Amino acid sequence: MTNETSTAHCSYAAKTVAKILLDIGAVNFRPEEAYILTSGWASPVYIDCRKLISFPRARRKVIELAARQVSDKAGYEAFDAVAGGETAGIPYSAWLADILDLPMQYVRKKPKGFGRKARIEGDIHEGQRVLLVEDLATDGASKVNFVNAIREAGAECKHAFVVFFYGVFPNALEELKKDDIELHYLATWADVLAVAEEGEYFPKEAIEGVRAFLADPIGWSKANGGKHD
Ligand SMILES: O=P(O)(O)OC[C@H]1O[C@H](OP(=O)(O)OP(=O)(O)O)[C@H](O)[C@@H]1O
Ligand SMILES: O=C(O)c1cc(=O)[nH]c(=O)[nH]1
């Protein structure tokens with residue numbers, strides 16, 4: 001595959017996924033009352049990728065795009081298993097494992113407090129090459145937690161896939177790279193805003209409010225009760 005074909009596919013995938021997320025009502029703008037994200041950042045925007053589980057045609061399209069993206073970027077024979085991060089990553093990992101014809105596992109956020117105290121459910125082997133799958137990444141900190149659990153179980157995990165990546169927190173991809181994790185994603189806030197503007201999904205003022213956050217997410221977080229370093 002040429003670089004141009006791959007770039008054209010990425011741009012088609014980004015627009016398609018952005019439109020799907022907008023059409024199913026997964027994109028929430030609330031500049032007047034900040035969302036506090038898992039990472040502690042305050043944000044006027046929130047994407048609920050979990051909604052996709054209720055839209056079979058849309059989710060099939062997203063998974064087809066995901067399978068192609070991951071195979072193009074990481075290689076067609078790069079993985080031995082697909083692991084979903086608890087909770088939102090689990091359905092995505094099941095669909096992706098299915099389309100890639102690979103075994104599936106899932107990773108708990110924390111060990112179970114009893115029994116095997118396992119963090120990985122499913123069959124995991126020493127040296128197995130595992131693709132971590134999640135719905136979304138903001139600054140990517142949850143990915144490191146899940147990848148560490150996979151590595152502690154003896155498997156190899158160098159790639160993570162998410163449907164949506166914020167693409168606004170400084171150095172998120174570089175920080176993941178330091179942990180030897182390459183993040184693959186289909187769409188970012190820039191893609192969603194472009195499609196939202198073109199399709200007039202939200203009033204102009206809402207879009208402007210979101211742009212202010214995207215231009216300075218750390219300043220916005222600080223001013224709205226979230227973390228800022
Ligand atoms: O920290 P990041 O890597 O940037 O990713 C953000 C995380 O926040 C969400 O999960 P949440 O903590 O809301 O849990 P859930 O999946 O159980 O809903 C999402 O599913 C990601 O795991
Ligand atoms: O970081 C999070 O908690 C988060 C952000 C977001 O946009 N959507 C989501 O489901 N979780």
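Remember, it's a predicted structure, so these values are computed and weren't measured experimentally. Every number for a ligand or one of its atoms is a count from 1 in the order of the listing. For the numbers below, each heavy atom of this structure counts, side chains included, while hydrogens, waters and symmetry mates do not.
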**Student:** Please report which non-hydrogen protein atom sits nearest to atom 1 (O) of ligand 1, along with the residue it belongs to and the distance in Å to one decimal place.
**Tutor:** Ser142 OG, 2.5 Å
**Student:** Do we get Arg30 above Tyr46's six-membered ring, with its NZ or CZ under 6.0 Å from the centre and within 45° of the axis?
**Tutor:** no
**Student:** Could you list the atoms of ligand 1 found under 4.0 angstrom from a heavy atom of Thr138?
**Tutor:** 2 (P), 4 (O), 5 (O)
**Student:** How are the rings of Phe213 and Tyr166 set relative to one another: parallel (under 30°), tilted (30 to 60°) or perpendicular (over 60°)?
**Tutor:** perpendicular
**Student:** Got a sec: does the CD of Glu32 have more than 12 other heavy atoms crowding it under 6.0 Å?
**Tutor:** yes
**Student:** Using distance alone, determine whether Ser39 and ligand 1 share an N or O pair under 3.5 Å.
**Tutor:** no
**Student:** Assess, by modelled atom type and distance only, whether the side chains of Arg119 and Asn148 contain a donor and an acceptor separated by less than 3.5 Å.
**Tutor:** no
**Student:** Could you tell me whether Ala88 and ligand 1 have an N or O pair separated by under 3.5 Å?
**Tutor:** yes
**Student:** Looking only at the side chains, is there a donor atom on one of Tyr201 and Asp23 sitting less than 3.5 Å from an acceptor on the other?
**Tutor:** yes
**Student:** Please tabulate protein-ligand N/O pairs under 3.5 Å for ligand 2, atom names and distances to 0.1 Å.
**Tutor:**
residue: ligand 2; atom: 1 (O); partner: Thr38; partner atom: N; Å: 3.4
residue: ligand 2; atom: 3 (O); partner: Thr38; partner atom: N; Å: 2.9
residue: ligand 2; atom: 3 (O); partner: Thr38; partner atom: OG1; Å: 2.7
residue: ligand 2; atom: 7 (O); partner: Ile47; partner atom: N; Å: 2.8
residue: ligand 2; atom: 7 (O); partner: Tyr166; partner atom: OH; Å: 2.6
residue: ligand 2; atom: 8 (N); partner: Ile47; partner atom: O; Å: 2.6
residue: ligand 2; atom: 10 (O); partner: Tyr46; partner atom: OH; Å: 3.0
residue: ligand 2; atom: 10 (O); partner: Ile47; partner atom: O; Å: 3.3
residue: ligand 2; atom: 10 (O); partner: Arg50; partner atom: NH1; Å: 2.8
residue: ligand 2; atom: 10 (O); partner: Arg50; partner atom: NH2; Å: 3.1

**Student:** Is any side-chain heavy atom of Trp189 less than 4.5 Å from a side-chain heavy atom of Val27?
**Tutor:** yes
**Student:** For atom 8 (O) of ligand 1, tell me which residue out of Thr38, Leu37, Leu136, Thr87 has the closest non-hydrogen atom.
**Tutor:** Thr38
**Student:** Please assess Phe146 against Ile120 for the test side chain to side chain contact (heavy atoms under 4.5 Å, CB included), listing each intermediate value before the final yes or no.
**Tutor:** CA-CA 9 Å; Phe146 288 131; Ile120 314 282; over 6 Å; no
**Student:** Report the C-alpha distance between Leu193 and Leu214 in whole Å, list the side-chain angles of each, state the deciding distance to 0.1 Å, and finish with yes or no for side chain to side chain contact (heavy atoms under 4.5 Å, CB included).
**Tutor:** CA-CA 10 Å; Leu193 273 200; Leu214 299 184; 3.4 Å; yes
**Student:** Run down the list Glu86, Lys109, Lys143 and name the one with the heavy atom closest to atom 14 (O) of ligand 1.
**Tutor:** Lys109
**Student:** Show which atoms of ligand 1 fall inside a sub-4.0 Å distance from at least one heavy-atom site of Ala137.
**Tutor:** 4 (O), 5 (O)
**Student:** I'd like to know whether CD of Glu77 has more than 12 heavy-atom contacts from other residues, nucleotides or ligands below 6.0 angstrom.
**Tutor:** no
**Student:** Mark yes when over 12 heavy atoms from residues, nucleotides or ligands other than Glu198 sit less than 6.0 Å from its CD; otherwise mark no.
**Tutor:** no
**Student:** Could you tell me whether Phe146 and ligand 1 have an N or O pair separated by under 3.5 Å?
**Tutor:** no
**Student:** Is there a heavy atom in Ala141 that sits closer than 4.0 Å to ligand 1?
**Tutor:** yes
**Student:** Tell me which protein heavy atom sits closest to atom 18 (O) of ligand 1, plus the residue, atom name and distance to 0.1 Å.
**Tutor:** Arg50 NH2, 2.9 Å
**Student:** Going through the checks in order, is the salt bridge (Lys or Arg N to Asp or Glu O under 4.0 Å) test met by Lys177 and Glu174?
**Tutor:** CA-CA 5 Å; Lys177 263 275 162 222; Glu174 292 76 6; over 6 Å; no
**Student:** Going by atom types only, do Ser142 and Asn145 share a side-chain donor-acceptor pair under 3.5 Å?
**Tutor:** no
**Student:** If we only count N/O pairs under 3.5 Å, is Tyr46 in contact with ligand 1?
**Tutor:** no
**Student:** Starting from atom 22 (O) of ligand 1, what is the nearest protein heavy atom, named by residue and atom, and what distance separates them?
**Tutor:** Glu134 OE2, 2.7 Å
**Student:** Identify, for atom 20 (O) of ligand 1, the protein heavy atom at the shortest distance, and state residue, atom and that distance.
**Tutor:** Asp135 OD1, 2.6 Å
